[in-house]
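Notes follow the structure.
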There are 2 protein chains.
Amino acid sequence: MRKVTIQEVAEAAGVSKSTMSRYLNQNYSHMSVSTRQRIEKTVKALAYRPSRRAQSLKTKRSRLIGIMIADISNVYVSLLLKGITNYLKQYDYQTLIMESGNSVEQERQQLDQMLDQSVEGIILQPNSRLSATYQFIADAEVPLVLVDRETAPFRWDTIETDNYQATSRLSAQVHQSAEAYTVGLVVSEDVHAISTREQRLAGFINGVAPLPVQTVELDASNAAFTQKLQTLLAANEHPLVFANNGKVLAVVLKTLQALSLSVPRDVGVAGYDDWNWAGLVGPGISTVEQHPDKIGYLAGEMLMKLVQPHEKKPKPAIHTLPASVKFRQSI
Amino acid sequence: MRKVTIQEVAEAAGVSKSTMSRYLNQNYSHMSVSTRQRIEKTVKALAYRPSRRAQSLKTKRSRLIGIMIADISNVYVSLLLKGITNYLKQYDYQTLIMESGNSVEQERQQLDQMLDQSVEGIILQPNSRLSATYQFIADAEVPLVLVDRETAPFRWDTIETDNYQATSRLSAQVHQSAEAYTVGLVVSEDVHAISTREQRLAGFINGVAPLPVQTVELDASNAAFTQKLQTLLAANEHPLVFANNGKVLAVVLKTLQALSLSVPRDVGVAGYDDWNWAGLVGPGISTVEQHPDKIGYLAGEMLMKLVQPHEKKPKPAIHTLPASVKFRQSI
DNA sequence: CTGTTAGCGCCTTCAA
DNA sequence: TTGAAGGCGCTAACAG
């Protein structure tokens, strides 16, 4: 049962390809009712469905939108995707999802492939902080919306969390705490690679001020963190550990468990939670909860505005969404 | 900067479209080195990239494979996707990802759209248990691989976890426990809708036998579960609660926390864990950990075998992957 | 070694 | 109200 073409249905219905095409595009204006019904029946009988490829070759509309994220196994990202598809489902668009694996080169390759597939628009969680990196997308005249992270200088619609504010509010809780912390320890992946991480670090420093703040970078292993922590404890410090994202928070908690450290007696803990599980762990971990689904939904909305032919295009802007701060017993 | 076509590069390089096409498809066999280099330079200068749509219209190869899952925000699914893309990245294929929202009708619509986009193959987490539901895909001669769940009668390659075995092994731990459980309580979404859930229920009953087993269905709220649990406790039962998937486990744990019940003193808990967080919660929750990334990877591999033109097609089979059972203190 | 020609499946004037 | 013809960007014989 090979795919049937417009030619074949047309013949079966006893009309020309042009008439078929008119039917498909709902140009019923000047078509006799009888022809229309005849075509309708034939289409149903043959289970005919037009080929998008052929259509789009002609019309330049692929009905494809590209979504480029850093890591698809990330919970934040999966909720983001949920939000995007949730908005897009009312439209007749399909999503081409690719992941960059946090590599700028791979990202570029994948984006090129997206363009090759003639996507009509792109939602991007950028790996690079430079707008110039993505200029080629604008050159190809493909609408672009950034999510989660921003690039400089400002150029495209960007939807992100209010990281500075939220982190600041959460970490300021340290001043209400019965525990007397002597140092803040921010655990993060490469801080300066991504705008978001920098914003959170800055927010933390602001929130706990005048407490001194140290940072430790988390790579493949947790060795650096473990060592840093033990050094601090050996020096009789009382650290407040801050995990800069959900993945890091998981590592931090597992490390503390492995070291049999008590929270918040030995160390305080706070951080970003993507899983919504932090409330169940230990005494309840104080966290920032983002709303990636909302970010995705809004990104979908923005992109559709840019893609739809007849909408007036709004000026690009940065949209900052508030995050929820959950105060629990871990500080 | 509109997209440049093969025609334009050909003219710029002073060759015909055919020669350009040969270059693109690496048919260098009978092409003078000078032409080749000239083309190479022009292509680079104009930043030319061929249009996949046009190519595929001719060649019937879209380089697109469709992935249809039930719920994209599910952690299991995001790891599954990771596994698939992880395998596919060595090939030049893009993924069209859609979600069915656990609805058979929506699933059908989306699958139709996938076929409209001329995907070369489909990986499907089916919502229906009937193979007949998906016969139209076979009719369209599009290779199909099922993941996570199976349909009957057997017809396509299927990659899934060994749910019965794993659940059985985990729940058999009840016989080693110091706690004297009097009843098993399986919490699940609609058990008979999905093969996987039935397998787990059966495995649980087998593992805890001869302990009596009750079930409770989880819908939007946790009310039914809460009530059932309180009834059992009021009757002085000592229940072992089993959460049939990761989502349900989260609800169960949050409910127990809300009721201030102690684990395992008041109730024992075990279940399926998608997050890998269960070890951090309470006394450590005994769980089955699946390996969705491996399922995805294998699914990608199977599909590529079916899609690649020159491979000999293996007979379809059901591939059952073992899960890990983590014994912790919650039983 | 390279160009000419004829489509792939559909849409879109232009005529009839 | 309908059909014929041309073309979207590319590939693949077939010539030369």
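Protein chains get the first letters and strands the later ones, always in sequence-line order, with residue 1 at the start of each.
- Residue Lys60(B) places at least one side-chain N or O under 4.0 Å from the OP1 or OP2 atom of dG9(C).
- Side-chain atoms of Ser21(B) never come within 3.5 Å of backbone atoms of Lys17(B) as a donor-acceptor pair (strictly under, hydrogens ignored).
- With rounding to whole Å, Ile39(B) atom CD1 is found 13 Å from dC1(C) atom P.
- Ranking dC8(C), dT11(D), dA13(D) by closeness to the Leu24(B) side chain, first place goes to dT11(D).
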Side chain to side chain donor-acceptor pair (under 3.5 Å) between Ser78(A) and Ser78(B): does it pass, once the steps are laid out?
CA-CA 6 Å; Ser78(A) 68; Ser78(B) 69; 4.7 Å; no
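- Distance from the side chain of Ser51(A) is smallest to dC10(C) among dA5(D), dC1(C), dC10(C).
- With salt bridges taken as basic N to acidic carboxylate O contacts below 4.0 Å, one links Arg61(A) and Glu120(A).
- Picking from dG9(D), dT2(D), dT2(C) the nucleotide with the shortest atom distance to the side chain of Thr35(B) gives dT2(C).
- Spacing between atom CD of Gln7(A) and atom C1' of dC11(C) amounts to 14 Å, rounded to whole angstrom units.
- Not one side-chain nitrogen or oxygen of Tyr23(B) sits closer than 4.0 Å to the OP1 or OP2 atom of dC10(D).
- Asp116(A) places its CG atom 14 Å from the P atom of dG9(D), with the value rounded to the nearest Å.
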Should Ile194(B) and Arg129(B) be marked as a side chain to side chain contact (heavy atoms under 4.5 Å, CB included) after you check the CA-CA gap, both sets of side-chain angles, and the distance that decides it?
CA-CA 7 Å; Ile194(B) 309 280; Arg129(B) 302 186 58 172; 5.7 Å; no
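- Judged by distance alone, with hydrogens and angles left aside, the side-chain atoms of Glu107(A) form a donor-acceptor pair with the main-chain N or O of Asn127(A) at under 3.5 Å.
- The distance from atom CZ of Arg63(A) to atom P of dG9(C) is 22 Å, rounded to the nearest whole Å.
- Distances shown here put every side-chain N or O of Lys17(B) at or beyond 4.0 Å from the OP1 or OP2 atom of dT2(C).
- Rounded to an integer number of Å, the gap from CZ of Arg52(A) to P of dG9(C) is 17 Å.
- With distances taken from any side-chain atom of Ser21(A) to the nucleotides dT2(D), dG9(C), dT12(C), the minimum falls on dT12(C).
- Counting only N and O atoms by type, the side chains of Ser128(B) and Thr133(B) include a donor and acceptor under 3.5 Å apart.
- Applying the 4.0 Å criterion to OP1 and OP2 of dT5(C), one finds that Ser18(B) has every side-chain N and O outside that range.
- Distance, Leu57(B) CG to dC11(C) P: 12 Å, rounded to whole Å.
- For the pair Gln55(A) and dC11(C), the criterion of a side-chain N or O lying under 4.0 Å from OP1 or OP2 is met.
- The nearest heavy atom of DNA chain C to Met31(B) and to Pro50(A) marks one nucleotide each, and the one closer to the 5' end goes with Met31(B).
- Along DNA chain C, the nucleotide nearest to Arg38(B) and the one nearest to Lys58(B) differ in position, and the one closer to the 5' end is contacted by Arg38(B).
- Residue contacts shown for Tyr28(A) are absent, as no nucleic acid heavy atom lies under 4.0 Å away.
- When rounded to the nearest whole Å, the span between CZ of Arg53(B) and P of dC11(C) equals 13 Å.
- Ranking dC11(C), dT2(C), dC8(D) by closeness to the Thr59(A) side chain, first place goes to dC11(C).
- If you check every strand for non-hydrogen atoms under 4.0 Å, Arg22(A) touches a base.
- At dC1(C), none of the side-chain N or O atoms of Ser32(B) fall inside 4.0 Å of OP1 or OP2 (strictly under the cut-off).
- The separation between Asn27(A) atom CG and dT13(C) atom P is 10 Å, rounded to whole Å.
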